[in-house]
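In what follows, a single structure is set out as structure tokens and then discussed.
These numbers come from the heavy atoms of this one structure, side chains and all, not from hydrogens, waters or symmetry mates. Just so we're on the same page: letters track the sequence lines, and every chain starts at 1.
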There are 2 protein chains.
Amino acid sequence: MRFGRRGFCKAWQGQIKDAGYRLTIPRQVILDVLANNTGHLSAEDIYLKVHKIYPQIGLTTIYRTLDLLVSVGVVLKSDFGDGRARFEIKIKDKTHHHHLICTKCSRVIDYTDFIDKELKLLAETKKGLSEKFDFEITGHLIQFYGVCKDCRS
Amino acid sequence: MRFGRRGFCKAWQGQIKDAGYRLTIPRQVILDVLANNTGHLSAEDIYLKVHKIYPQIGLTTIYRTLDLLVSVGVVLKSDFGDGRARFEIKIKDKTHHHHLICTKCSRVIDYTDFIDKELKLLAETKKGLSEKFDFEITGHLIQFYGVCKDCRS
DNA sequence: CTGGAAATGAAAATCATTTTCAATAAGGGG
DNA sequence: CCCCTTATTGAAAATGATTTTCATTTCCAG
Ligand SMILES: [Mn+2]
Ligand SMILES: [Mn+2]
Ligand SMILES: [Zn+2]
Ligand SMILES: [Zn+2]
């Protein structure tokens, strides 16, 4: 079992232990797979990759571990509207980003640009909405849909 | 069969025929139910309501008709993250709006306020993203999550 | 009115995710 | 280092929203 991003893995493993969970082989392997794949993977994508390293893994464990990692704050879960959840590990510095989704080929682009302006609007909107509807806003979802370069040629 | 919002119904029925579809009883009843319920209904919600008026309806027809209405542009389909799609009819003037979703009770609030500022940011962001990633943006999704007044008391 | 295409409804199929439950493994105390 | 308790795992079955299939019914143009 090779661990890329070893430093990060250590930190993530710490988060798991700190939350009171055991550090099992399946969890380490799943974390490792997530750490070495930048994309937005489905549970099955992850299952297939983990399976190569640790063939006795069960899909159930993938789902359970992903839930755990999301709850601990190590993993981000997204829904791009294709009926399956997508997961990506939260890497230091590249934390808050939004998604640009190609409706033709399902390619997903992360972007952090324009986040400054967005943040400003978000702050204003949040304030306005909170006051107007007496609603305590805890999160937001912003996604753009369109057609990527390749799918237009 | 009573039709509220009769004027609108006529217009919507026109859209269906214009798109080359037949104007059947199930479609009229579903349209009627949507027109008289402002909320964000699931397919089953709609099925139950339609069933009272037209008991022979099948859930399959609900799904098929909703697809059709969405494709024709008469109905808006949303996903609030609870595993079932929600539908609402597009009423003149209150067209473009976003959603505020209570994570405790699932209440959904429509809002059009701040849309102006949002639109401005959206325009800028769209332009920036289009240029930077050579991506043709066709749509966006913006939702706020939080806890409503009632769920905090 | 009528024929043929479009639409419908019941039942079965899909498919991602969850639940159940018996077997296994982690890791703190001895 | 070894146990013991309890968390975790994996296989299989269950779930639940949505889709597909297919035989029957309905719409509506001619
Ligand atoms: Mn991402
Ligand atoms: Mn709405
Ligand atoms: Zn594409
Ligand atoms: Zn609430």
- Message: Looking only at side-chain N and O atoms, does B/His140 offer a donor or acceptor that is under 3.5 Å from a partner on B/His98?
- Response: yes
- In whole angstroms, the gap separating C1' of C/dA7 from CD1 of B/Ile30 amounts to 11 Å
- Tell me which nucleotide among C/dT8, C/dT18, C/dA26 gets nearest to the side chain of B/Arg27. C/dT8
- Query: Among C/dT17, D/dG10, D/dA17, which nucleotide sits nearest the side chain of B/Tyr63?
  - Reply: D/dA17
- Message: Could you tell me how far apart B/Tyr21 (OH) and D/dC28 (P) are, to the nearest whole angstrom?
- Response: 14 Å
- Message: Considering every strand and a 4.0 Å limit on heavy-atom distances, what is the contact class for A/Tyr54: base, sugar-phosphate, or nothing?
- Response: sugar-phosphate
- Item | Residue of the set A/Lys126, A/Lys127, A/Lys120 for which salt bridge (charged side-chain N to carboxylate O under 4.0 Å, His left out) holds with A/Glu124 | A/Lys120
- Length of the line joining B/Ile25:CD1 and C/dG9:C1', which is rounded to integer Å: 16 Å
- Taking N and O atoms by type only, does the side chain of A/Arg22 place a donor or acceptor under 3.5 Å from a partner on the base of D/dT6? yes
- Which nucleotide in the list D/dA17, D/dT19, C/dT8 gets nearest to the side chain of B/Thr60? D/dT19
- Item | Nearest-nucleotide pick for B/Thr61, side chain only, options being D/dG10, C/dG9, C/dT17 | C/dG9
- Return the value, rounded to whole Å, for the distance between atom CD of B/Gln56 and atom P of D/dT24. 18 Å
- Under the criterion side-chain hydrogen bond (donor to acceptor under 3.5 Å, both in side chains), which of B/Lys77, B/His99, B/Arg86 is the partner of B/His40? B/His99
- Task: May I have the distance from A/Phe80 (atom CZ) to C/dA16 (atom P), rounded to whole angstrom?
- Result: 17 Å
- Message: I need the CG-C1' distance between A/Leu68 and D/dA7, as an integer number of Å.
- Response: 11 Å
- Item | Earlier contact from the 5' end, DNA chain D, for B/Leu23 and B/Glu44 | B/Glu44
- Would you please confirm or rule out a distance under 4.0 Å between OP1 or OP2 of D/dC28 and any side-chain N or O of B/Lys17? yes
- Side-chain atoms of A/Thr24 come closest, of D/dT8, D/dA17, C/dG9, to D/dT8
- Atom CD of A/Gln28 and atom P of D/dT9 are separated, to the nearest Å, by 11 Å
- Task: Flag the pair B/Lys104 and B/Asp150 as a salt bridge only when some basic side-chain nitrogen lies within less than 4.0 angstrom of an acidic carboxylate oxygen.
- Result: no
- Nearest-Å distance for atom pair CG/C1', residues A/Leu59 and D/dG10: 10 Å
- Message: Between the side chains of B/Asp79 and B/Arg84, is the shortest nitrogen-to-carboxylate-oxygen separation below 4.0 Å, so that they form an ion pair?
- Response: no
- Message: Regarding A/Arg64, tell me which of base, sugar-phosphate or nothing describes its non-hydrogen contacts under 4.0 Å with the strands shown.
- Response: base
